[in-house]
Amino acid sequence: MNLFAEIRALVISALDDMVAKGELPQGLDFTAVAVEPPRDAAHGDMATNAAMVLAKPAGQQPRQIAEGLAGRLMADPRVAGADVAGPGFLNLRLDAAVWHSLTRAVLLAGKEYGRASIGQKQKVNVEFVSANPTGPMHVGHVRGAVVGDALANLLAFAGWDVTREYYINDGGAQVDVLARSAYERYREALGLEPEIREGLYPGDYLIPVGEALKAKYGDSLLDKGEQYWLAEVRDFATEQMMAMIREDLAALGVRMDLYSSEKALYGTGQIEAAIQRLRDMDLIYEGVLEPPKGQLPEDWEPREQTLFRSTAHGDDVDRPVKKSDGSWTYFAPDIAYHYDKVSRGYDQLIDIFGADHGGYVKRMKAAVSALSGGKVPLDIKLIQLVKLFKGGQPFKMSKRAGTFVTLREVVEQAGADVTRFMMLTRKNDVALDFDFDKVLEQSKDNPVFYVQYANARINSVLRKAREAGWIVEDATLSGVDLSGLTHPAELALIAKMAEWPRLVEIAAKGNEPHRVAFYLYELASDLHSLWNRGNDELSLRFVQDSESASLPKIALARATGVVISAGLAILGVTPVEEMR
RNA sequence: GGCCCCGUAGCUCAGGGGAUAGAGCGACCGCCUCCUAAGCGGUAGGUCACAGGUUCGAAUCCUGUCGGGGCCGCCA
């Protein structure tokens, strides 16, 4: 039940009637007509901009349209008041019964309340994390992982058919480095002194890989040339790294639907096919790029390369797909990979990248635009840095100093739930501070706690009720007469719940999961506010002397808990029943 | 030099065509014999970086400027 959608439908039908009666001209476009929560609660429960939006095309004064609209809306039992205000807003007050039936609807729908269908079962692919398989995941990956996962949850809830995908960069030079590093650990496992040369990965996490290599190959790889063992060790080590990464992701509560391999694109003709398709559209040519402006790389010299005419699809310069030695650039398999995604029939692609990949956005969009004939939109979310703090002091991390923070350490320190929530308390393109002490603090500074505390209070109410022997199952509560819920603080809480389905749609349309976290904070705030009013006004307490007086209040509390749980589920956070 | 992101209260940030721009922290003043005060209420605090433009209406869209960050051929 999306109350805003219902009232908007009511407004539209009233407008249709005005057209039918000749009060408005034919052929007006109503798409810009919105029904929204007013900025100021004093303005009522909902506001519509209909009169202002239509004034010009209709050639009438906003007030005139608003008056006609108000009269018709008032005829509906749901509307208790309709006042023209400001430059032509129509402020609506809703009958208390509307709020009561909404509360009932929440209880009946349970965790399905707010589920939307705007996705229309369209297939969307969310590619995220895609960390190089050369080591454990570190803090830098955490935010992207959480944002991607929460976004996938959100889109699924809003009616999309979602695939979560991880692109394994196992085709480039870095996995050769991994192989060489693992090989040294293999030698170490055999009792030799490892030579961790400059440029190799020094991390301890490769020691068990060396052991495993020893277990598998004995000393058969020893004293052999690289050409003999490189491919095998590379595949073996990559697999081990991916196993570790999967475990890291699992610790964060992230599960992928699909792992796609870059290496698998080589040798299958997929890269060639993707490039050929671009060539068929005359988007591939041999050429020499202009030198970049500003400071030149010292060894810069003009060279002929195979270039993708990305400028034809909105990029600033054309991009090389082949190096001057004839091998593919990193971009080429990326093109092939995105072509593969397009070919798999997705209606929409989303990539979650680190902000340092910002320079890649235009060329990637250009490639997808070209390869899909402009049919498949690609949205790329750039994830800004997470700055670590401890007790308010910057927490410096450096691989060399050994203060290299892994994802696992973050989860072990802060917990997956806290980590996930915190990662969503900022818009993706703004840097985020993460303080190891503060996120565990039990105060309202800490939004995770604040929301969880609201839920704990609700559960406390339910516990008390059960102790009193009252039946507070959803099925029972949804049948309770709620007409006693009339206080503004109670109705404000219900009104906030009414916003949930609308918020889901807005957040999903914009691929903005952080909005859910902010919404939950507001909802929790309304709950806490009402709770504390119970200090002064006993009639506002959730638990009253009698069962009949309590049940409507408890229904309200329980409904709020349902929405909190639904929201937390999208964030991938477990609601707590009790604070400890 | 080019491209991308950011600039909103002392601080950290929401809001991204609509009314008198919001929240938390910090400051100040209040609220527990009472469901969890781990909370709540109130006060003070703003030329929404700046300048133009589009619009009935701009913090929001466009252009430019300034400031902070990121990226910038054969790295992934």
Side-chain angles (χ1 to χ4, degrees), chain A residues 32 34 36 38-40 42-43 47 49 52-53 55-56 61-62 85-89 91 132 134 169 171-175 177 262 288-297 299-303 305 307 315-320 322-331 333-334 354-362 380 382 384-385 425-433 441-447 449-450 452-454 456-457 459-461 463-465 510 514-515 517-519 521-522 525 527-536 538 541-544 550 553-554 557 578-580:
Chain A
E36 306 173 312
R39 193 192 289 275
D40 188 338
H43 293 144
N49 61 357
M52 288 181 293
V53 172
K56 195 168 189 179
Q61 293 299 314
F89 282 102
N91 291 326
N132 286 344
T134 55
N169 290 286
Q174 79 280 1
V175 282
V177 175
E262 174 193 359
V288 179
L289 285 175
E290 293 283 308
K293 299 279 189 331
Q295 78 276 29
L296 280 179
D299 58 348
W300 197 93
E301 52 183 278
R303 288 199 179 143
Q305 296 170 291
L307 300 169
D315 202 354
D316 307 304
V317 289
D318 294 338
R319 307 290 178 174
K322 268 188 182 177
K323 304 174 192 172
S324 50
D325 68 4
S327 64
W328 298 117
T329 61
Y330 178 78
F331 186 36
D334 245 4
D356 55 343
H357 287 58
Y360 234 71
V361 171
K362 284 191 180 179
I380 298 181
L382 296 179
Q384 264 296 347
L385 291 178
T425 54
R426 289 285 177 275
K427 216 165 25 176
N428 61 281
D429 47 20
V430 175
L432 181 151
D433 294 347
E441 208 171 278
Q442 303 209 330
S443 76
K444 66 172 177 176
D445 301 23
N446 180 354
F449 166 78
Y450 189 78
Q452 294 280 31
Y453 184 37
R457 279 181 151 173
N459 278 287
S460 160
V461 166
R463 268 197 309 277
K464 299 261 177 207
H514 73 279
R515 287 179 185 269
F518 281 94
Y519 170 80
Y521 188 89
E522 291 168 15
S525 178
L527 187 277
H528 287 309
S529 176
L530 174 57
W531 183 284
N532 273 77
R533 277 175 188 268
N535 287 336
D536 300 328
L538 296 181
R541 296 188 170 205
F542 293 103
V543 177
Q544 299 286 325
S550 300
K553 317 272 191 194
I554 293 173
E578 201 172 354
M579 305 309 297
R580 284 179 296 109

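Because only heavy atoms are used, hydrogens play no part in the values below, and waters and symmetry mates are left out as well, while side chains stay in. Chain naming here is simple, since letters A, B, ... match the order of the sequence lines and numbering starts at 1 in each.
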**Closest-nucleotide 5' rank along RNA chain B - winner of A:Asn49 and A:Tyr330** = A:Asn49
**Request:** Starting from the 5' end of RNA chain B, give me the residue, A:Glu262 or A:Asp316, whose nearest nucleotide shows up first.
**Result:** A:Asp316
At less than 4.0 Å, is any side-chain N or O atom of [X] found next to OP1 or OP2 of [N]? Yes or no.
X        : N     : answer
A:Lys56  : B:G57 : no
A:Ser460 : B:C35 : no
A:Arg515 : B:G16 : yes
A:Trp531 : B:A37 : yes
A:Arg319 : B:C74 : no

Tell me if a side-chain donor or acceptor on [X] pairs with a main-chain N or O of [Y] at a distance below 3.5 Å.
X        : Y        : answer
A:Asn169 : A:Asn132 : no
A:Thr329 : A:Pro320 : yes
A:Gln544 : A:Leu538 : yes

Within the structure shown, what part of the strands sits under 4.0 Å from [X] by heavy-atom distance: base, sugar-phosphate, or nothing?
X        : value
A:Ala55  : nothing
A:Ser529 : sugar-phosphate
A:Arg533 : nothing
A:His357 : base
A:Lys362 : sugar-phosphate
A:Val461 : nothing

Watson-Crick or G-U wobble partner of [N], both distances under 3.5 Å:
N     : answer
B:C71 : B:G2
B:C25 : B:G10
B:G30 : B:C40
B:G52 : B:C62

Measure the distance from [atom1] on [X] to [atom2] on [N] and round it to the nearest whole Å.
X        : N     : atom1 : atom2 : answer
A:Asn428 : B:C13 : CG    : C1'   : 14 Å
A:Lys322 : B:C75 : NZ    : C1'   : 19 Å
A:Asn446 : B:U12 : CG    : P     : 19 Å
A:Leu289 : B:C74 : CG    : P     : 10 Å
A:Asp356 : B:C72 : CG    : P     : 8 Å
A:Met52  : B:A58 : CE    : P     : 13 Å
A:Asp315 : B:C3  : CG    : P     : 12 Å

**Item:** Test side-chain contact (heavy atoms from CB on, under 4.5 Å) applied to A:Thr425 and A:Tyr521, step by step
**Value:** CA-CA 10 Å; A:Thr425 54; A:Tyr521 188 89; over 6 Å; no
**Asked** Hey, is B:C32 sitting syn or anti, using the within-90° cutoff around 0?
**Response** syn
When you compare [N] with [M], how far apart are their [atom1] atoms, in angstrom units rounded to a whole number?
N     : M     : atom1 : value
B:G15 : B:U60 : C1'   : 9 Å
B:G64 : B:G41 : P     : 45 Å
B:G17 : B:G7  : P     : 14 Å

**Fill in**
Which of A:Asp356, A:Val361, A:Asp429 passes side-chain contact (heavy atoms from CB on, under 4.5 Å) with A:Leu382? It is A:Val361
**Message:** Regarding B:C13, can its base be found pairing with the side chain of A:Arg426 as donor and acceptor, where the two atoms are less than 3.5 Å apart?
**Reply:** no
**Prompt:** Is there a donor and acceptor pair, one atom on the side chain of A:Lys427 and one on the base of B:G15, closer than 3.5 Å?
**Reply:** no
Nearest to the side chain of [X], heavy atoms from C-beta on, is which of [options]?
X        : options             : value
A:Asp429 : B:C6, B:A76, B:G39  : B:C6
A:Arg457 : B:G18, B:G73, B:U36 : B:U36
A:Tyr450 : B:U36, B:A76, B:C40 : B:C40
A:Phe518 : B:C13, B:A37, B:A76 : B:C13
A:Lys464 : B:A76, B:C35, B:G73 : B:C35
A:Arg463 : B:U36, B:G15, B:C74 : B:U36
A:Tyr453 : B:G73, B:A76, B:G39 : B:G39
A:Gln174 : B:G18, B:A76, B:U36 : B:A76

**Prompt:** Are any of the side-chain heavy atoms of A:Pro447 and A:Phe518 separated by less than 4.5 Å?
**Reply:** no
**Asked** Taking everything shown except A:Glu522 itself, do over 12 heavy atoms lie less than 6.0 Å from its CD?
**Response** yes
**Message:** So, using ring-ring contact (aromatic ring centres under 6.0 Å, His included) as the criterion, who are the partners of A:Tyr330 when residues are at least two apart?
**Reply:** none
**Prompt:** Who passes salt bridge (charged side-chain N to carboxylate O under 4.0 Å, His left out) against A:Glu36, sequence neighbours left out?
**Reply:** A:Arg502
**Fill in**
Partner of A:Arg457 under side-chain hydrogen bond (donor to acceptor under 3.5 Å, both in side chains), picked from A:His528, A:Gln452, A:Glu578, is A:His528
**Asked** Which parts of nucleotides 19-31 of chain B does protein reach within less than 4.0 Å, heavy atoms only, written one letter per nucleotide 5' to 3' as B for base, S for sugar-phosphate only and - for none?
**Response** B-S-SSS------
